[in-house]
Student: 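First the structure, which I've put down as structure tokens, then a few questions once you've had a look.
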Amino acid sequence: MNTVPEKPVLEGLEATWSARWAEQGTYAFDRSKSREEIFSIDTPPPTVSGSLHVGHVFSYTHTDLIARYQRMRGKEVFYPMGWDDNGLPTERRVQNFFGVRCDPSLPYEADYTPPDKPDAKRQVPVSRRNFIELCNRLVEEDELVFEQLWRTLGLSVDWNQKYTTIGDESQVVSQRAFLRNVARGEAYQQDAPTLWDVTYQTAVAQAELEAREYPGAYHRVAFHGADGPIHIETTRPELIGACVALIAHPDDERYQPLFGTTVRSPLFGVEVPVVAHASAEPDKGSGIVMCCTFGDLTDVIWWRELQLPNRTIIGRDGRILPDAPEWISDEAGLGLYAEIAGKTTFTARELTVAALKESGDLDGDPKPTQRMANFYERGDKPLEIVSTRQWYIANGGRSAELRKALVARGDEIDWVPTYMQSRLTNWIEGLNGDWLVSRQRFFGIPFPVWYRLDAAGEPDYDAPILADEASLPVDPASQAPPGFEDSQRGEPGGFMADPDVLDTWATSSLTPQIVCGWERDPELFAKTFPMDLRPQGHDIIRTWLFSTVVRSHLEHGGIPWSHAALSGFVVDPDRKKMSKSKGNVVVPDEILSTYGADAVRWRAAGARPGADSPFDEAQMKVGRRLAMKVLNASKFVLAAEEAYGLGADAAHLDPVRVTEALDLAMLSRLRLVVTEATAAFEAYDYATALEVTEKFFWDFCDDYLELVKERARRDDAGGASAKSAFVLALSVQLRLLAPFLPYVTEEVWSWWQEGSIHRAPWPDNGTDLTTSEQDPTLLASAASVLADIRGAKSVAKVSQKTPISSLTITATKDRLDVLRLAIADVVAAGRVSVDPVYVADSSVESFMVQATPAAV
RNA sequence: GGGCGAAUAGCUCAGUUGGUUAGAGCAUCCGGUUUACACCCGGAAGGUCGGGGGUUCGAGUCCCUCUUCGCCCA
């Protein structure tokens, strides 16, 4: 006990204490506690294939602040950490890192070693299983780096509760939840127009869309009617061969005579009907448009609502299909089709435009335009729409009733900040299709599904063979379905695996079920689910938050967590979101080693929930200064016997010894701080909790300690009062600061207390501060008079040591009466060598002080 | 075009239910080195609270409108 270092430093605290916490299991979850005693957190699993930037550091700190507060409040905190290693980001990283690509047609090589000198441009094809092994290898390395960073930052997660989104448990949960969705009719497969990324060759869900400006040109093209040409305007003339109708607004008088008739398409000579639909815009272009299968999402709506035929000419590789479709019979049309077959849409467009010019069907020159096109958020070519068979999960996109139910679930959740709820409501109400969950990728969780092959070797999609829940996790690509031998794979009369993997969100949406042990550990599940808190970024409300609500609603008929806390972004000084592609990312390692984890956490805590916060390195210094101040002030308060007669003597913690008015007033004010900080934390407002605590702490150091310094040296009742007030106040303040500055507070705690401060109880006025009440403004009054005395010396440009030879204090009588209770401390701290003169004046605000420094 | 949010000191932000002279930190300038701390302390300067209109005895705060910025969605 009482081992206060001579010169305390911040360096090395992270290494020392994070190791100690791991060793002692400081944050280990005790599952013997009851549901009421447990606070469970649904941590976002960061994408390990990316890199962490300060934005992550900030938002994970926000969660940790709440976790530490709840723990000190006596809750047993269930705080797992996951890694999102599943999905396309990992595939891309593996391709670049090892210089390989997945070719599912290749056989597995047992002792495969990737190229020595990876060349991302010339990727070596490897089997699917080899590819997945490489994925697993790389994510393991990445995950260690991430864990180290989180440990340094001081996240109080229980590292025994670790999960990965590609791990077995995640596979079991994802597959089981999917099978149950199928059983209840919530998951189904459908052959339907699907948004398709031609680069990645995969289907893309609505939530993954990103609308971007894309250059194009309007082409004014003539269709041939009985009474002359009908001009339409299109940005995609290469789709003329896929045209199924011309569409105009029902009230458009120009085209009303044509409704019900047919016109002939240019170049291909296909007869297409002219039909009316209310969503055609009369004042856009010529007011009549061609509907193709499929140029954009509007085409899909028209195709569906007007029951038009499907005339697809674009394949999944984004190229024109090789064989001429049966609806083209015109000789010249077949000739042109032969020319564009197999070409990219870009080339096909050029060829088509040339042909239109030649035939005279192009009116004028194409007019350049910027149009909004849908992109896969990770892709760089506009999405095509192709007809494919995909799995879907109901999410309300096709059911107003389900939408209503999901919006109502949003109401059951407490949102921090509250206005974020409208983002969820908005998203749900704007849904226009169910959730597409199949992806044509490799590193993901496979569908636990096979299909029978008929005598001709054709799959029977209508009667999928589903895996038994007991057999999960299952990899249909390497395991045969029940009742089949693996030799029957791909054989007529045999079976084939569903080749797809589940959307990464189809796993992430189940993080509560994964961590809480759904069906695996019913006791744990009962104690942790529904969870207490989902912390996450506001940018993924439509994806992660929404899909988690969907799964929980479908599976459990309830909400997945009672609170959702949304963190803002850290933006660069120009208020732009940090992103790798913009090159404005700030890497956390350097910041952490330069300023220390406590300083970085302090800065993170200053960003209020939901609010974006610009990154400013200068702010870190302030946090570091606070951490340093905690060390020094604590050292002073706990100083060695010989210096101040203080020590870590437990007797000093006895509130009865506090008798002096100023000490009582300081503690009274501290009681207000405890009340405010606690209320703020209860409302998840860590920023306010820090603000009030920090403000008090600086006043405590700069005013209170300065005022009492002299008296504390004395060996009488006044000295004892000060010493006891010191340690009482320090104990409470360290605990108030512990969530923010876990390292420095733990360090100081270890000088004079047993056990970890992070398992110490949150301050409570009823048990920690039982001293009698004193007007809490006394501290501020005494401080303000002292400040005026110092100011007088500062103005006179004399040393603060200079005695004051004349002091007159003017204030209302009431204020003077209060001030007099602590005047001895003021006089001592201000080096006043005379008795102060008091002037009662009811018209004076606050205090008017006239102080004259003695002539030097 | 729709939804949500933001606009207060050079910068980052507080500012409860309208109520004296709008606050803090950083940066700047001036002064101080008293044995916890120079990774320190004190002081000063710095604002027509985005513009306009309205309600009110009184508006940074409430209402209307406009402008600019951010995020999400069309």
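The sequence lines fix the lettering, A, B, ..., with proteins before strands; numbering per chain opens at 1.
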Student: Could you give me the stems involving RNA chain B, meaning stretches of three or more consecutive Watson-Crick or G-U wobble pairs whose two defining distances are both below 3.5 Å?
Tutor: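 Stems found: B:1-7 with B:67-73, B:10-13 with B:23-26, B:28-32 with B:40-44, B:50-54 with B:62-66.
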Student: Has Lys709(A) got a side-chain N or O lying under 4.0 Å from the OP1 or OP2 atom of C37(B)?
Tutor: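 No, because none of the side-chain N or O atoms of Lys709(A) sits under 4.0 Å from OP1 or OP2 of C37(B).
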Student: What nucleic acid atoms does Asp539(A) come within less than 4.0 Å of, heavy atoms only: base, sugar-phosphate, or nothing?
Tutor: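 The answer is nothing, as Asp539(A) stays clear of every strand by at least 4.0 Å.
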Student: Would you please classify the geometry between the Phe700(A) ring and the Tyr704(A) ring as parallel, tilted or perpendicular, with 30° and 60° separating the classes?
Tutor: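 Tyr704(A) and Phe700(A): parallel rings.
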Student: Contact class for Glu691(A) vs. all strands (heavy atom < 4.0 Å): base, sugar-phosphate, or nothing?
Tutor: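 The residue Glu691(A) makes sugar-phosphate contact but no base contact.
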Student: Could you give me the CA-CA distance, side-chain angles and deciding distance for Glu694(A) and Trp602(A), then say whether side chain to side chain contact (heavy atoms under 4.5 Å, CB included) is met?
Tutor: CA-CA 10 Å; Glu694(A) 196 187 349; Trp602(A) 174 88; 3.2 Å; yes
Student: Rounded to the nearest Å, what distance is computed from the CG atom of residue Leu297(A) to the C1' atom of nucleotide A74(B)?
Tutor: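 Answer to the nearest Å: 11 Å.
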Student: Would you mind telling me which of U12(B), C37(B), G25(B) lies closest to the side-chain atoms of Pro614(A)?
Tutor: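 Nearest to the side-chain atoms of Pro614(A), counting from C-beta on, is U12(B).
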Student: Would you please classify the geometry between the Phe726(A) ring and the Phe636(A) ring as parallel, tilted or perpendicular, with 30° and 60° separating the classes?
Tutor: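 Geometry flag for Phe726(A) against Phe636(A): tilted rings.
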Student: Provide the distance between the two C1' atoms, one in A27(B) and one in U12(B), to the nearest whole Å.
Tutor: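 Going atom to atom, C1' in each nucleotide, I get 11 Å.
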Student: Suppose you measure atom P in A24(B) against the same atom in G31(B); what distance do you get, rounded to whole Å?
Tutor: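 Approximately 23 Å lies between the P atom of A24(B) and that of G31(B).
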Student: Which of these nucleotides, C26(B), A38(B), U34(B), is closest to any side-chain atom of Arg790(A)?
Tutor: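 So the side chain of Arg790(A) is nearest to U34(B).
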Student: Using the P atoms only, state how far U17(B) lies from U55(B), rounded to an integer number of Å.
Tutor: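 Approximately 23 Å lies between the P atom of U55(B) and that of U17(B).
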Student: Pick the P atom in A9(B) and in G46(B), then give their distance to the nearest Å.
Tutor: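 Approximately 14 Å lies between the P atom of A9(B) and that of G46(B).
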Student: Could you tell me how far U68(B) sits from G51(B) if I compare only their C1' atoms? Round to whole Å.
Tutor: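 So the two C1' atoms sit 11 Å from each other.
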Student: Parallel, tilted or perpendicular, judged at 30° and 60°: which one describes the rings of Trp302(A) and His277(A)?
Tutor: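 Ring orientation, 0 to 90° scale: perpendicular.
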Student: Just by protein heavy atoms under 4.0 Å, how would nucleotides 27-32 of chain B read 5' to 3' in B, S and -?
Tutor: ---SSS
Student: Please report the distance separating the C1' of C49(B) from the corresponding atom of G32(B), rounded so that it comes out in whole Å.
Tutor: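 Between the two C1' atoms, the distance is 35 Å.
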Student: Over all strands shown, is Trp602(A) touching base, sugar-phosphate only, or nothing at heavy-atom distances under 4.0 angstrom?
Tutor: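 It contacts nothing in the nucleic acid.
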Student: Given the P atoms of C63(B) and A6(B), what is the spacing between them in whole Å?
Tutor: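 Here C63(B) and A6(B) have their P atoms 12 Å from each other.
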Student: To the nearest 0.5 Å, tell me how far Asp539(A) CG sits from Leu545(A) CG.
Tutor: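 Rounded to the nearest 0.5 Å, the CG-CG separation comes to 11.5 Å.
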Student: Taking the nucleotide of RNA chain B with the closest heavy atom to each, which residue, Asp703(A) or Lys629(A), is nearer the 5' end?
Tutor: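 The residue closer to the strand's 5' end, by nearest nucleotide, is Lys629(A).
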Student: Without decimals, in angstroms, what is the distance between Asp612(A) CG and C72(B) C1'?
Tutor: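 Distance, rounded to whole Å: 12 Å.
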Student: Please report the distance, rounded to the nearest Å, between CG in Leu431(A) and C1' in C72(B).
Tutor: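 Value for this atom pair: 13 Å.
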Student: Before accepting this row, confirm whether a basic side-chain N of the pair Lys635(A)/Glu747(A) lies closer than 4.0 Å to the acidic partner's carboxylate O.
Tutor: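 The answer is no: the pair does not qualify as a salt bridge.
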Student: Any Lys/Arg nitrogen of Arg236(A) or Glu384(A) sitting under 4.0 Å from an Asp/Glu carboxylate oxygen of the other?
Tutor: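 Salt bridge between Arg236(A) and Glu384(A), a charged N being under 4.0 Å from a carboxylate O: yes.
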Student: Anything under 3.5 Å between a protein N or O and an N or O of nucleotides 2-8 of chain B, put it in a table, one pair a line.
Tutor:
unit_1, atom_1, unit_2, atom_2, d
G3(B), O2', Asn426(A), ND2, 2.5

Student: Do Arg624(A) side-chain atoms and Tyr595(A) backbone N/O form a donor-acceptor pair below 3.5 Å?
Tutor: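 Checking the backbone N and O of Tyr595(A) against the side chain of Arg624(A), a donor-acceptor pair under 3.5 Å is found.
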Student: Taking OP1 and OP2 of C40(B), is either one under 4.0 Å from a side-chain nitrogen or oxygen of Arg625(A)?
Tutor: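 For Arg625(A), the contact criterion (side-chain N or O under 4.0 Å from OP1 or OP2 of C40(B)) is met.
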Student: How do Leu10(A) and Ala829(A) order along RNA chain B: which one's closest nucleotide is nearer the 5' end?
Tutor: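 The residue closer to the strand's 5' end, by nearest nucleotide, is Ala829(A).
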Student: Specify the separation, in whole Å, of atom CZ of Phe697(A) and atom P of C40(B).
Tutor: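 Distance, rounded to whole Å: 12 Å.
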Student: Starting at atom CG of Asp296(A), determine the distance to atom C1' of A74(B), rounded to an integer number of angstrom.
Tutor: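 Checked: the CG to C1' distance equals 13 Å.
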Student: With a non-hydrogen cut-off below 4.0 angstrom, is Ala787(A) in contact with a base, only sugar-phosphate, or nothing?
Tutor: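 If one applies the 4.0 Å heavy-atom cut-off, Ala787(A) turns out to touch the sugar-phosphate alone, with no base involved.
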Student: G70(B) P sits how many Å from Leu566(A) CG, rounded?
Tutor: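 Going from Leu566(A) (CG) to G70(B) (P), I get 21 Å.
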Student: Expressed as a whole number of Å, how far does the P atom of G47(B) sit from that of A38(B)?
Tutor: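 About 34 Å, rounded to a whole number of Å.
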Student: How many Å lie between CZ on Arg603(A) and P on G25(B), as a whole number?
Tutor: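 Distance check: Arg603(A) CZ to G25(B) P gives 16 Å.
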Student: Just the rounded figure in Å: distance from C1' of C39(B) to CZ of Phe636(A).
Tutor: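 One finds 19 Å between C1' of C39(B) and CZ of Phe636(A), rounded.
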